[in-house]
Amino acid sequence: MDWQSDLNVIEAVFVPSLEGWYEHHKRDLPWRHTRNPYYIWLSEVILQQTRVAQGKPYYERFVDTYPTIEELARADEKELLRLWQGLGYYSRARNLHQTARYVTDQLAGKFPATYHELLKMKGIGVYTAAAIASFAFGERVAVVDGNVYRVLARVFGIYEDITTTGAKKTFAALATRLIQKADNPATYNQAIMEFGAIQCTPVAPDCLLCPVQQHCVAYLTGQQHRLPVKAKKAPVRDRYFHYLVFSNNNKMAMRERTERDVWQQLYDFYLLETDEPKPNWRDLLLPDSVNELVRQGVLAATPVEAMQLLSHQRIRAIFHFVELPDGLTEQLPEGLKWYSMAEITDLPKPVLITNYLEKAFG
DNA sequence: AAGTCGGGGGT
DNA sequence: ACCCCAGACTT
């Protein structure tokens, strides 16, 4: 249908309705009590692809640990990743650190203050740039996140697949047009996202108490559940991780993941990956030296199995614990180093590894 | 345009 | 089992 023909009518009601709704329904969240661009930025990066409930405790910890951007800039990256542990998408933490140093060292600590300047920073894309620009600096630029796609698709009856470039342009243009009507662009941006998160939810939206019900194309046609349109993602890939957990005298051999893969810069154990399940370590094509190491050590009777689901991979891991005799502790494979349990606690680790440690030694 | 990058929660 | 979440970056 030609939604643009109704746009003038709907937008005159839509924007003020949402702003009014927000005043009565907004949650009390810590980052809503500040206009400090550093805190706004911190919260927005933490909340990328992350629910408020999951991100909130991390935000509190980061603000406590690094009260200023200078302190974040000076932070040890390993410590920063340790603080980020469990949140996922660890490149966010690395980019956060890089941008903190850039702002501190190259911009004299002065945070970029416009949408276009913000966009140049590592880890700040179109959404986050708009969020910081409007929340911290009052710039009239529209945020378009998952909530906004859903709300606009439904209210305006837009059936374009939101994963396509064309749809992104459509939604951005509409959002830009709408925010021109806003009394306060920062409040309006907050309002439409909060509305999507609380009222216009993906499943079972609360249409009966909706302030724009009578102007919502989806509601009026009974198609709420079909919008927004989104192409299905590719099926998840199965991976099989075989870990050899070399141990000696209450220490364990770990290594930093440096390859271009999941969990970059986090720590795990000696790893061999296969395309197929291989329950027995003898079926693994290990280097001769590693095979010899296992043979001379004491292998735990039962390996520990664990599974980790990522958005795009299903990792099935099996951990073989090997206690090495004192004489062989200098013969670890390349990259592995010995760490005490206390040191391991402080290393940044994938949840898969943390869970294993808890299960096996916790 | 398609892939990659985490982990958790809801249905 | 599937979808979504205050997305960004690389290929």
Side-chain angles (χ1 to χ4, degrees), chain A residues 22 26-27 29-32 40-59 81 84-96 98-99 118-135 142-151 161-169 171-172 175 186 189-198 200-205 225-237 239 257 259-266 307-315 348-355:
Chain A
Y22 179 66
K26 64 179 174 186
R27 292 167 289 182
L29 300 172
W31 47 86
R32 288 186 175 158
I40 303 286
W41 168 59
L42 203 49
S43 71
E44 291 303 337
V45 174
I46 287 173
L47 291 172
Q48 286 167 9
Q49 290 294 286
T50 305
R51 290 175 188 280
V52 165
Q54 187 186 1
K56 190 173 162 186
Y58 284 85
Y59 173 79
L81 281 166
W84 197 271
Q85 178 175 303
L87 247 195
Y89 288 147
Y90 296 92
S91 64
R92 289 185 293 173
R94 298 191 295 270
N95 290 335
L96 203 64
Q98 186 174 332
T99 293
L118 286 160
L119 258 187
K120 298 175 184 172
M121 302 296 112
K122 277 278 191 190
I124 297 183
V126 290
Y127 163 76
T128 305
I132 300 171
S134 64
F135 300 157
V143 296
V144 183
D145 74 333
N147 293 305
V148 175
Y149 280 119
R150 185 169 57 255
V151 171
D161 174 359
I162 63 172
T163 65
T164 65
T165 306
K168 286 177 172 59
K169 287 180 66 177
F171 283 88
N189 275 338
Q190 296 272 11
I192 189 169
M193 289 194 289
E194 190 79 338
F195 181 73
I198 293 178
C200 195
T201 49
V203 179
H225 61 289
R226 306 194 65 182
L227 289 168
V229 175
K230 189 175 184 180
K232 296 195 188 307
K233 288 181 180 175
V236 300
R237 172 169 66 110
R239 302 177 70 177
R257 296 176 58 87
E259 59 271 35
R260 191 165 67 243
D261 194 3
V262 293
W263 304 325
Q264 198 176 84
Q265 286 181 270
L266 275 60
M307 203 247 298
Q308 179 72 41
L309 216 50
L310 311 184
S311 53
H312 53 305
Q313 302 176 15
R314 178 170 32 240
I315 297 175
K349 302 171 291 296
V351 164
L352 174 70
I353 301 300
T354 306
N355 285 348

Looking only at atom [atom1], what distance separates [N] and [M], rounded to whole Å?
| N | M | atom1 | result |
| --- | --- | --- | --- |
| C/dC9 | B/dG8 | C1' | 23 Å |
| C/dA6 | B/dG3 | P | 25 Å |
| B/dG9 | C/dA8 | P | 23 Å |

Whole Å only: how far is the [atom1] atom of [X] from the [atom2] atom of [N]?
| X | N | atom1 | atom2 | result |
| --- | --- | --- | --- | --- |
| A/Trp84 | B/dC5 | CH2 | P | 17 Å |
| A/Asp161 | B/dA2 | CG | C1' | 13 Å |
| A/Gln308 | B/dG6 | CD | P | 10 Å |
| A/Asn355 | B/dG7 | CG | P | 9 Å |
| A/Ile315 | B/dT4 | CD1 | P | 13 Å |
| A/Met307 | B/dG7 | CE | C1' | 13 Å |
| A/Glu259 | B/dC5 | CD | P | 10 Å |
| A/Leu310 | B/dG3 | CG | P | 17 Å |

Out of A/Met307, A/Arg239, A/Arg237, A/Gln308, which one pairs with A/Arg314 under the side-chain contact (heavy atoms from CB on, under 4.5 Å) rule? A/Met307
Phosphate contact (B/dT4 OP1 or OP2) by A/Gln313 side-chain N/O below 4.0 Å: no
B/dC5 phosphate, OP1 or OP2, under 4.0 Å from A/His312 side-chain N/O: yes
Report, as yes or no, whether the 6.0 Å neighbourhood of atom [atom1] on [X] holds more than 12 heavy atoms from other residues, nucleotides or ligands.
| X | atom1 | value |
| --- | --- | --- |
| A/Arg27 | CZ | yes |
| A/Lys168 | NZ | yes |
| A/Arg32 | CZ | yes |

Is there a donor-acceptor pair closer than 3.5 Å between any side-chain N or O of A/Arg257 and the backbone N or O of A/Gln264? no
Determine yes or no for a side-chain-to-main-chain donor-acceptor pair under 3.5 angstrom, with A/Ser134 supplying the side chain and A/Ala131 the backbone. yes
Do A/Phe171 and A/Val148 have side chains that approach each other closer than 4.5 Å (heavy atoms only, starting at C-beta)? no
Heavy atoms from C-beta onward define the side chain here; which of C/dC3, B/dG7, B/dC5 lies closest to that of A/Asp261? B/dC5
Based on Watson-Crick and G-U pairs with both distances under 3.5 Å, what dot-bracket line describes DNA chain B 5' to 3', crossing pairs as [ ] and inter-strand pairs as |? |||||.|||||
Heavy-atom contacts, protein to nucleotides 4-11 of chain C, under 4.0 Å, summarised as B (base), S (sugar-phosphate only) or - (none) per nt, yield BBBBSSS-
Taking atom CD1 of A/Ile46 and atom CD of A/Glu44, what is their separation to the nearest 0.5 Å? 10.0 Å
Between OH of A/Tyr127 and CG of A/Asn189, what distance do you get to the nearest 0.5 Å? 8.0 Å
Tell me whether the centres of the aromatic rings in A/Trp84 and A/Tyr58 are closer together than 6.0 Å. no
Comparing A/Arg237 with A/Thr163, nearest DNA chain B nucleotide closer to 5' gives the residue A/Thr163
